[in-house]
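So the structure is just underneath, and the comments pick up after that.
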Amino acid sequence: MLSRLKSKHPYLFTLSFMEFIGYGTSIAALGYLTVFLQEVGLDAAQVGMVTAINSVVGMVASPFWGIVSDKMRSMRKTLLICMSVAMVLWFFVPASSQWLLWGMPVMSILLPITNFFRAPMSSLVDSWTVRSANEHRLNFNTMRMFGTVGYSATGIFLSWLTAKFGVNWAFYVHTMMLAAIVVCLMMKNEDRRGAEAKAEQISLKEMHFGKLFKNYSLVTYFIYLILYCIPLNSGDTFLPYLMEEIGITPKLVGVIMAVRSAMEIPILLGFHKFRAKFSLPTLLTFQCACYMMIYFSLTVVKSKVLFIILMCIQGMASGVEIGCANNYVYALAPDELKSTAVMLGNAMWALSGFMANFVGGYIVQYSGIRTYYIAMGIIGLVTTLFFAASFPVGKKHFGVQLPKSVGKTERR
């Protein structure tokens with residue numbers, strides 16, 4: 001399949017490979033960090049605190065690297081920096097839990113530093129892929145699908161690897177980034193805008209960041225992201241606690257995430273059919289409503305089979321979100337700030353992660369995992385209503401007209 005991609009278009013092959021590696025390595029951080037922290041002796045509140053700190057770092061890192069990318073006009077150079085540093089630092093996380101500095105584990109310092117480089121990577125790859133898809137008339141969902149394949153394959157592999165050799169090995173999987181770094185180094189200018197501008201850097205003053213915050217549709221979407229990602233962000237953090245209560249060993253979290261992620265594939269493959277019938281705002285509202293129903297369902301589910309079914313439904317809803325989110329931001333943002341806008345969206349995700357993980361840890365610790373999911377379901381309901389209402393309100397009171405590119409696509 002990859003050979004056919006390569007012969008069709010070099011960007012299609014390269015960015016599909018980057019998506020595979022980017023999301024394949026991210027499951028180690030997203031899926032196994034909680035299991036690792038549990039093994040080193042942290043309770044739910046402490047796990048929530050650590051992930052909340054990581055989220056604060058991610059909140060700062062994402063727009064920072066987005067600005068760097070737009071300023072240098074090179075997604076490739078920015079991604080090379082992040083991948084290289086993250087790969088090296090992540091390798092030392094397990095050992096750092098035993099090292100002490102001023103009486104505290106070095107891990108508590110190393111994790112946030114590592115996250116400054118690791119957190120923006122997937123969004124940088126997605127932003128690069130969206131831009132290339134638009135400029136070279138490629139199918140974004142085809143390339144992004146390989147991220148899902150990488151996530152699923154690595155999740156299954158990690159479940160076997162950690163069961164046999166220990167959870168520390170989840171961190172060593174980041175050495176896969178070396179292959180992505182080599183591919184990235186072999187590439188030339190990655191987009192037409194950079195080639196036309198001869199990759200000249202621009203000043204921060206020339207970038208006019210205020211445009212992003214004067215855009216009603218972007219601002220309401222960022223608010224939506226903060227609310228929507230509160231349950232989404234912390235849900236994976238505390239998923240091992242729910243699995244344990246249902247009777248599934250937390251070390252199988254990689255398999256569960258792999259199965260869930262695999263359900264994104266048929267949605268991404270057939271996404272053009274959804275886009276021919278529904279606009280991006282409609283699909284974003286729908287998938288948020290799906291998540292709300294899933295969270296409420298997780299408050300009562302006790303059967304392992306029903307739990308897996310809910311994870312599969314979540315995977316399908318995630319496929320809708322993947323097909324919509326970055327394309328929606330890309331359509332709304334001005335040309336010179338598209339990377340910054342996508343990365344700012346990632347910062348909203350991180351901001352919600354801070355709130356959810358910090359508060360969620362205490363909810364799980366003192367009220368239980370089921371109470372946590374009740375709270376997340378309520379947030380999902382509020383988010384769905386807010387986003388659905390933002391469009392008629394914007395049109396009626398602010399005269400907002402969405403670009404045609406976010407509407408239904410024409411059948412071909």
What heavy-atom pair brings [X] and [Y] nearest, and what distance separates the two atoms?
X	Y	result
Gln46	Gly41	OE1-O, 4.0 Å
Ala61	Pro120	CB-CG, 3.9 Å
Cys312	Val259	SG-CG1, 3.8 Å
Met263	Met316	O-CG, 3.7 Å
Cys184	Leu80	CB-CD2, 3.7 Å
Gln38	Pro240	OE1-CB, 4.3 Å

Side-chain touch [X]/[Y], heavy atoms, less than 4.5 angstrom:
X	Y	value
Phe387	Leu284	yes
Tyr295	Leu232	yes
Ile267	Glu264	no
Phe36	Met107	yes
Leu298	Met311	yes
Trp128	Glu19	no

Report the C-alpha distance between Leu79 and Met18 in whole Å, list the side-chain angles of each, state the deciding distance to 0.1 Å, and finish with yes or no for side-chain contact (heavy atoms from CB on, under 4.5 Å). CA-CA 10 Å; Leu79 191 56; Met18 297 294 290; 3.4 Å; yes
Donor-acceptor check, side chain of Arg131 to backbone of Asp126, threshold 3.5 angstrom: yes or no?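 Answer holds: no.
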Donor-acceptor check, side chain of Asn215 to backbone of Leu332, threshold 3.5 angstrom: yes or no?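 Checked: pair present.
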So for atom CZ, which belongs to Phe358, do other residues, nucleotides or ligands contribute more than 12 heavy atoms lying within a distance under 6.0 Å?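 Open.
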With sequence neighbours excluded, what pairs up with [X] under the ring pair (Phe, Tyr, Trp, His ring centres under 6.0 Å) test?
X	value
Phe286	none
Phe213	none
Phe92	none

With sequence neighbours excluded, tell me which residues meet side-chain contact (heavy atoms from CB on, under 4.5 Å) with [X].
X	value
Ile265	Met145, Thr148, Val149, Leu269
Val406	Leu280, Pro281, Tyr328, Ala331, Leu402, Pro403
Ala333	Leu212, Leu218, Lys338, Ala341
Ala179	Phe17

Could you check Tyr241 against Thr34 for side-chain contact (heavy atoms from CB on, under 4.5 Å), going step by step and ending with a plain yes or no? CA-CA 9 Å; Tyr241 292 92; Thr34 297; 4.1 Å; yes
State which residues pass side chain to side chain donor-acceptor pair (under 3.5 Å) with Ser122; sequence neighbours excluded, sorted by chain then number.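 Residues passing side chain to side chain donor-acceptor pair (under 3.5 Å) with Ser122: none at all.
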Gap between atom [atom2] of [Y] and atom [atom1] of [X] - 0.5 Å precision:
X	Y	atom1	atom2	value
Lys304	Met243	NZ	CE	10.5 Å
His174	Trp90	NE2	CH2	5.5 Å
Phe278	Cys324	CZ	SG	11.0 Å
Phe307	Ile248	CZ	CD1	5.0 Å

With sequence neighbours left out, write down each residue that passes salt bridge (charged side-chain N to carboxylate O under 4.0 Å, His left out) with Glu39, or none if nothing qualifies.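 Listed in chain order: Lys251.
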Taking the inter-plane angle between the rings of Trp169 and Tyr172 on a 0 to 90° scale, is it parallel (under 30°), tilted (30 to 60°) or perpendicular (over 60°)?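 If you compare the ring of Trp169 with that of Tyr172, the planes turn out perpendicular.
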Report yes or no: is the cationic atom of Arg260 (NZ for Lys, CZ for Arg) under 6.0 Å from the centre of the six-membered ring of Tyr151, at an angle within 45° of the ring normal?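 Judged by the rule, Arg260 and Tyr151 form no cation-pi pair.
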Scan residues 217-229 for pairs that pass side-chain hydrogen bond (donor to acceptor under 3.5 Å, both in side chains), counting only residues two or more places apart or in two chains.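 Qualifying pairs: Tyr224-Gln287, Tyr228-Gln287.
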Residue pairs fulfilling side-chain hydrogen bond (donor to acceptor under 3.5 Å, both in side chains) with at least one residue in residues 370-385, sequence neighbours excluded: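 Every side-chain hydrogen bond (donor to acceptor under 3.5 Å, both in side chains) pair that includes a residue of residues 370-385, provided the two are not neighbours, is Ser234-Tyr372, Glu245-Arg370.
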Under the side-chain hydrogen bond (donor to acceptor under 3.5 Å, both in side chains) rule, what do Arg118 and Asn115 come out as? Steps first, then yes or no, please. CA-CA 5 Å; Arg118 188 208 62 78; Asn115 209 47; 3.0 Å; yes
side-chain contact (heavy atoms from CB on, under 4.5 Å), that's the test. Do Asn327 and Phe140 meet it? Break it down for me. CA-CA 9 Å; Asn327 281 307; Phe140 166 75; 3.6 Å; yes
The test is side-chain contact (heavy atoms from CB on, under 4.5 Å); show your working for Asn54 and Leu33 and say whether it passes. CA-CA 11 Å; Asn54 278 347; Leu33 181 58; 3.7 Å; yes
Inter- and intrachain pairs under ring pair (Phe, Tyr, Trp, His ring centres under 6.0 Å), touching residues 51-86, at least two apart: Phe64-Phe116, Trp65-Phe116, Trp65-Phe117
